[in-house]
Structures are given as structure tokens and as C-alpha cells.
Amino acid sequence: MSAPSEPPRVPVTSPLWEVFVRARRGLSHTHVGSLHAPDAELALHNARDLYTRRQEGVSIWVVPAGAIIASSPDEKDSFFDPAADKVYRHPTFYEVPDGVDHL
Amino acid sequence: MNGPFEFALALGDDALVAAQRLGEWATRAPEMEEDIALANIALDQLGAARLLLSYAGELEGAGRDEDALAFLRDDREFRNCLLVELPNGDFAMSMVKLLLLSAYQVPLYTALAGCADERLAAIGAKARKESAYHLDHSALWVKRLGDGTDESHRRAQAAVDQLWPYHHELFTADPAAPVDPATLRADFDAVVSPVLAEATLTRPATGWTPGGGRDGVHTEHLSFLLAEMQVLHRAHPGAQW
Amino acid sequence: MYGNDFAPEEDAPGGGLLGQVEAAEVALREAAARTREAAPAPGEDPAAYFADVIDADQKIEPRDWMPDAYRRTLVRQIAQHAHSEIIGMQPEGNWISRAPSLKRKAILLAKVQDEAGHGLYLYAAAETLGVSRDELVELLLDGRQKYSSIFNYPTLTWADVGAIGWLVDGAAIVNQVPLCRCSYGPYARAMIRVCKEESFHQRQGFEILHTLSHGTPAQRAMAQDALDRWWYPSLAMFGPPDGDSTHSAQSMAWKIKRFSNDELRQRFVDMCVQQAEILGLTIPDPDLRWNDERQAYDFTQPDYDELMRVIKGEGPCNRQRMEHRRRAHADGAWVREAATAYAAKQRAESQREKVAA
């Protein structure tokens with residue numbers, strides 16, 4: 001395992017996608033988690049199978065995690081210093097306001 | 001097949017044997033996400049099989065339920081098409097097989113949804129949506145494998161070469177059935193041709209059209225599949241599970 | 001996967017585990033509502049800020065400062081949890097093709113599928129700590145990270161599928177429910193999702209055994225045999241006794257862990273006794289008896305030497321499970337490569353179109 005203070009490595013195979021699901025009509029899309037897929041179409045299929053196995057959604061967005069720019073707690077004093085574009089560090093199972101770019 | 005019983009049985013057997021093969025992928029898929037996708041599709045096929053076999057049992061009126069039909073018939077009594085009983089092979093083989101199967105099941109279930117038999121119509125209405133997703137998923141993969149790497153192209157073409165002859169059996173004319181399979185051929189071609197073209201795959205030039213599944217004359221593979229599927233149920237006659 | 005709160009009476013031992021999950025979720029939302037600066041003030045010691053957040057029962061989030069050892073502990077624990085879900089598919093997957101009824105086949109397929117899903121949720125939670133899933137999978141395949149030792153035991157009969165549901169998933173949920181309150185936000189949220197999704201599993205293992213133990217003599221014998229083989233390995237799932245457990249104290253201080261191994265093991269035994277009675281099966285422990293003073297059952301400890309041997313790789317199925325996983329991964333390589341190559345071609349294509357336009 002890499003030492004924790006090293007910058008994280010980019011996954012070798014498929015990129016990470018963040019998944020947003022509209023649970024019911026009238027609600028906004030909510031972040032439900034993330035997954036790996038080589039392209040958008042497969043990401044959408046995987047999202048359906050992984051996050052809506054129990055009919056949890058009426059609409060799904062998948063967003064390349066790299067396309068999300070997150071604000072973050074003040075990092076200048078942090079020992080662990082992630083770059084804003086280190087996509088795979090975005091909090092999974094974390095609510096992100098909708099309106100971010102989507103497919 | 002001709003009457004509603006034989007028809008429901010044949011469709012139920014297609015779905016059951018397809019589910020059994022897809023279930024063999026569990027814990028073995030090329031990617032963890034795909035493990036989940038294949039299990040979903042297996043569950044859909046199994047769900048359709050249960051509805052169709054239960055209804056077949058009712059139509060027969062001999063007291064056989066879904067389990068009696070699934071676990072207590074021998075291979076000569078199964079009415080599934082040969083395509084679904086062929087071994088899984090590699091992932092390309094399984095995806096091409098699913099493409100051919102679902103390109104047949106989508107128009108079949110769609111037609112069924114409009115048929116006069118209310119029970120069959122309800123089953124068709126439910127299953128066609130699921131099959132549409134299976135078609136989508138398998139088409140997606142056939143394109144990626146066909147037009148991916150040299151190796152994946154070689155494997156996908158080998159799968160098409162091996163499986164293509166088996167699709168003819170699906171469209172054997174049966175004018176007396178609730179839906180005549182011969183009427184579904186145009187829909188099948190309209191879906192499959194562009195997928196193969198986009199995948200840079202070609203259909204083999206062969207006149208071989210294996211068949212016999214609808215009459216209970218199967219490949220050697222089915223007996224093994226059933227032996228495994230039925231072993232526990234048959235070992236405890238009359239037991240509840 | 002981990003359904004074990006099948007209990008006819010609301011106040012039966014182990015009843016209301018799902019309620020505890022919901023309470024954990026409420027607590028999580030309440031903690032989130034308490035105001036706190038989103039980051040340490042300029043010049044404030046990040047370590048003191050971290051300690052404050054933990055003390056206040058609030059959640060540490062991925063971009064917060066955290067001690068190296070906290071991050072390492074979490075990565076190891078979450079990854080091993082994820083590996084356990086993925087390897088844990090195999091013993092039950094072994095019976096999908098032979099399930100004795102179509103209904104049981106469907107339930108088992110869905111359950112094994114859920115385990116894959118839970119593995120993926122957990123890998124995603126681990127990734128928020130700055131490791132990639134590929135790295136973690138590599139660590140599993142190389143044998144450098146472990147998975148739960150229980151999955152190195154074989155499923156020899158159909159009753160073993162029931163025993164896994166009742167005992168193994170039962171032990172797992174006793175472990176997992178407190179993790180819904182873990183101090184690391186993504187892990188806590190993943191555990192809430194995992195535990196909630198298991199509501200449909202709650203009865204399945206118990207129900208399989210219940211049907212068998214009320215069935216034919218052969219079925220009944222099958223059920224008792226499964227309990228005999230799975231009881232002690234299930235007790236061992238809680239890990240070594242507290243005195244020998246190396247990571248426990250620090251993990252408790254960080255609120256990664258909330259109860260000790262022995263506390264959880266006791267809780268599990270207390271739950272199982274009454275359920276075994278309802279099943280009409282005998283727990284294979286002649287010294288199992290109620291202790292009025294402790295208000296808990298006295299029981300025989302599992303063989304911890306055996307646990308250590310299985311962890312080291314000498315269980316009945318260690319080699320088989322790893323071989324199976326490695327083969328699936330290796331056999332899938334050409335498919336993953338094809339998908340990546342196709343995606344690259346599509347991107348190049350759309351670039352060309354943009355340039356042409």
C-alpha cells in the first residue's frame with residue numbers, strides 16, 4: 001500500500017463517475033455514490049444496476065468525477081494536501097448540490 | 001409448439017435455461033459491475049420463466065407447478081431453443097448469445113402483450129421492458145467487443161460465427177401459436193444488422209440451421225445443465241424448500 | 001447479506017437491528033446540523049480540530065486533515081470489508097445453479113448480487129481516502145490484504161446457504177450496525193446503505209433453516225450439520241479476544257470501532273440462543289447456559305488457533321477462493337481492455353468531428 005501522504009494514484013483502467021439519482025418525481029437529483037466505467041453509456045448502465053436495484057430512481061445522471069470542481073475546507077495548513085482535480089477523492093455517499101454538469 | 005400450453009412452456013424453458021446459464025457468470029464476470037448487470041438479467045429471465053411455467057402448469061391442468069416443471073422433467077421434455085442451452089463460453093459468446101436472444105424476445109413479448117390471452121398479455125407487457133434492457137446491454141457490449149481490440153474482435157467474430165446458425169430455430173413458423181414466431185423475423189433483423197455492422201462483425205455464410213429444441217431434441221449440453229440444476233430437488237422427493 | 005434480526009417478538013434478543021441503523025442515520029443528520037466551522041481557523045492546530053470533531057461525535061470527511069494512522073486504519077478496514085463482500089459471494093454462489101426451487105434460486109441470485117453491490121459501495125468509500133480500487137484489488141489478489149476468514153469454509157450442502165444467512169450474516173450485522181456510527185462519514189454512510197438494503201435478507205437464511213428443520217428427517221439432519229460446522233467459525237468472525245486484539249483500543253478512541261470484539265461476540269451469542277430454539281436446532285456447545293449474574297449466556301470460546309491458521313491461509317478453501325478471484329480477474333482482462341480501447345476510439349472520433357466542425 002502506498003504511504004498515505006503520497007499523492008493518490010489515478011486508477012489504471014476505467015475512470016470514476018459520480019452518480020446522481022432522482023428518487024421520485026418532484027425531487028432533485030441527489031448524489032448516491034460513485035462507480036467505475038470506461039465510458040458514459042456503460043457508466044449509465046452500471047449506475048442503474050448498482051444504485052437502483054430496488055427501484056430507487058426515476059432518472060439517473062452520471063458525471064465524470066473529473067468534471068466536478070469542489071470547494072474544500074481550507075487546505076493551506078493541511079498535512080494531507082489534495083489537489084482540487086484529484087477526482088477520486090470526492091466524498092462518496094455525499095450530497096452535492098445539483099446543477100453541476102451532467103450528461 | 002402450437003397450443004397455448006406448449007407455447008408458454010417453450011417460452012418459459014427459453015427463459016429458465018437462459019437464466020441458468022447467466023447465473024453461472026455470478027462471481028466470474030470480467031468486472032465487478034458486470035457481475036451485477038448479469039445477475040440482473042438472469043433475475044429477469046428467471047422471473048419471466050416462473051410466470052410462464054406457472055401459467056403453463058395451469059393450462060395443462062395436471063397439477064404441475066413451476067418447480068415440478070423445472071425440476072422434474074428430463075431433457076427430452078424441455079422445449080427451449082438450442083441457442084440458450086449452449087455453454088457460456090467466453091464473455092463475447094455470452095453477449096452475442098444474449099443479443100440474439102433478446103432481439104427475438106423483445107418483438108415476441110411485445111406481440112404477446114397485445115394477444116387475446118390476458119395472462120400471456122400481462123406477462124408479455126412486463127417482460128418486454130426487461131428484454132429491451134437486455135437488448136440494450138448486449139448490443140452495447142457487442143459493439144465494444146467487436147470494435148475494441150484485435151483480440152476482442154477475434155473473439156466476438158468467433159462467437160457470431162458459432163452462434164448465428166442457431167438463431168434460425170427461433171423463427172420457425174407456427175401459425176397456430178398465440179404469436180407466430182415467423183412474424184418476428186423482420187424486427188429481429190432490423191435490430192441485429194445495425195449492431196453487427198457498427199461492431200464491424202459479419203454474419204457467417206452458412207446454410208446450416210440446427211434445430212429441434214422445440215420438439216425436445218436438444219444438444220448434448222442440456223442434459224448436463226439439467227443434471228446440475230435438478231440434483232438437489234430430485235434427491236429429496238416431495239420435500240419443501 | 002447480513003440479515004439477522006428475524007425475531008418474532010419486538011423485544012427478542014437482537015430485535016430491532018434495523019431500528020438501530022435508522023437511529024444511526026438520524027444521529028448522523030443531527031451531527032451534521034450542529035454548527036461547526038468547516039475547517040480549522042487560520043493558525044489552529046489541525047490535530048486539535050480533528051480531536052474536537054471526533055469528541056463532538058461529528059463526522060470526518062474526505063478532505064479533512066486526519067492523522068496518518070487514522071487514514072491507514074480506515075483504508076485497511078474498509079478495503080478488507082470490501083474484499084470480504086466480494087470473496088463472500090463465492091460460498092453462496094456455489095449453490096445458485098443447484099438451488100432446490102426457482103424461488104430460492106431467485107432469492108440467492110439477488111443476495112449474491114447485493115454482495116457485489118456492497119463490495120462496490122465499500123471500495124468507493126475507501127477511494128475517498130486516496131487509494132484507487134485497482135490498487136486495493138491488487139492487494140487482495142497478491143494476498144497482501146485479507147478478507148473475512150469465514151469465507152474459507154466450504155458450503156457442502158444447501159443448509160450451509162441457510163447457515164451463512166443466519167449465522168455469518170448475523171455476525172456480520174452485529175459488527176456492522178455500530179459501524180453506521182463510525183466517525184468517518186463515507187464509511188458510516190456506506191454502512192447505513194448496506195444495512196438498510198439488507199431488509200429483504202433478514203429472514204432468508206433463518207427461513208431456509210426453519211423450512212429444513214421442519215422438513216424431512218434428511219433435511220433436518222442437513223440443517224443441524226450446517227449449524228454444527230458454522231457455529232464456531234461464526235464466533236471467530238468477531239476476531240481475537242480483547243486481550244490479544246492489537247488494533248482495538250486506538251480504533252475505539254477514534255470512534256472507528258464502537259464496541260470490543262468480546263462485547264460484540266457476547267451480543268451475538270445472546271441473540272442466537274433463542275433463535276436456535278425456534279429453529280429446533282441445537283447449538284453445538286454443551287457449556288452454553290444463562291448466567292443470571294451477568295444477564296448473558298456463558299459459552300465456549302471458538303478455537304483461536306484455528307482462526308489464526310485460517311487467516312494465515314491454511315483454511316479449507318483459502319487457495320480455492322483466491323484462485324477463483326484471480327482467474328475471474330485475469331479472464332476478464334481482455335474485456336476491460338476492449339472497453340477501454342473502444343472508449344478511446346469514440347473520444348478520438350468526437351475530437352475529429354469537433355475539429356472538422
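All values derive from a computational prediction rather than experimental measurement. Numbered from 1 within each chain, the chains take letters A, B, ... in sequence-line order.
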Name the option with the most non-hydrogen atom pairs under 4.5 Å to chain B; the candidates are G117(C), A330(C), P100(C).
P100(C)
Options A328(C), A339(C), A338(C), ranked by heavy-atom pairs under 4.5 Å with chain B, top entry:
A338(C)
Is chain B contacted by the side chain of L212(C), its backbone, both, or neither, given a heavy-atom distance below 4.5 Å?
side chain
Any idea which donor-acceptor pairs are under 3.5 Å between chain B and chain C?
from: Q20(B); atom 1: OE1; to: K105(C); atom 2: NZ; distance (Å): 2.7
from: Q20(B); atom 1: NE2; to: S97(C); atom 2: O; distance (Å): 3.0
from: T27(B); atom 1: O; to: H324(C); atom 2: NE2; distance (Å): 3.3
from: T27(B); atom 1: O; to: R325(C); atom 2: NH1; distance (Å): 3.4
from: T27(B); atom 1: OG1; to: H324(C); atom 2: NE2; distance (Å): 2.8
from: P30(B); atom 1: O; to: R336(C); atom 2: NH1; distance (Å): 2.6
from: E31(B); atom 1: OE1; to: R133(C); atom 2: NH2; distance (Å): 3.4
from: E33(B); atom 1: OE1; to: R133(C); atom 2: NH2; distance (Å): 2.9
from: E33(B); atom 1: OE2; to: R133(C); atom 2: NH1; distance (Å): 2.8
from: E33(B); atom 1: OE2; to: R133(C); atom 2: NH2; distance (Å): 3.4
from: I36(B); atom 1: O; to: Q113(C); atom 2: NE2; distance (Å): 2.9
from: N40(B); atom 1: OD1; to: Q113(C); atom 2: NE2; distance (Å): 2.8
from: D67(B); atom 1: OD1; to: L102(C); atom 2: N; distance (Å): 3.0
from: D147(B); atom 1: O; to: K345(C); atom 2: NZ; distance (Å): 2.9
from: D147(B); atom 1: OD1; to: K345(C); atom 2: NZ; distance (Å): 3.0
from: G148(B); atom 1: O; to: K345(C); atom 2: NZ; distance (Å): 3.1
from: E228(B); atom 1: OE2; to: S97(C); atom 2: OG; distance (Å): 2.5
from: H233(B); atom 1: ND1; to: P100(C); atom 2: O; distance (Å): 2.8
from: Q240(B); atom 1: O; to: Q219(C); atom 2: NE2; distance (Å): 2.8
from: W241(B); atom 1: O; to: R104(C); atom 2: NE; distance (Å): 2.7
from: W241(B); atom 1: O; to: R104(C); atom 2: NH2; distance (Å): 3.2

Against chain C, label L16(B) side chain, backbone, both or neither, depending on which of its atoms sit under 4.5 Å from a heavy atom there.
side chain
Rounded to the nearest 0.5 Å, how far apart are CG of L109(C) and CG of L22(B)?
9.0 Å
Sort I36(B) into side chain, backbone, both or neither according to what part of it lies under 4.5 angstrom from a heavy atom of chain C.
both
Which bit of A344(C) is near chain B, if near means a heavy-atom gap under 4.5 Å: side chain, backbone, both or neither?
neither
So what's closer than 4.5 Å to chain C heavy atoms on F71(B): side chain, backbone, both or neither?
side chain
Counting only heavy atoms closer than 4.5 Å, note whether A29(B) contacts chain C via side chain, backbone, both or neither.
backbone
Residues in ring pair (Phe, Tyr, Trp, His ring centres under 6.0 Å) contact with Y166(B), at least two apart in sequence or another chain
W208(B)
Looking only at V137(C), L102(C), I87(C), V112(C), most heavy-atom pairs under 4.5 Å shared with chain B are made by L102(C)
Interchain contact, I86(C) with chain B, by part (heavy-atom threshold 4.5 Å)
side chain
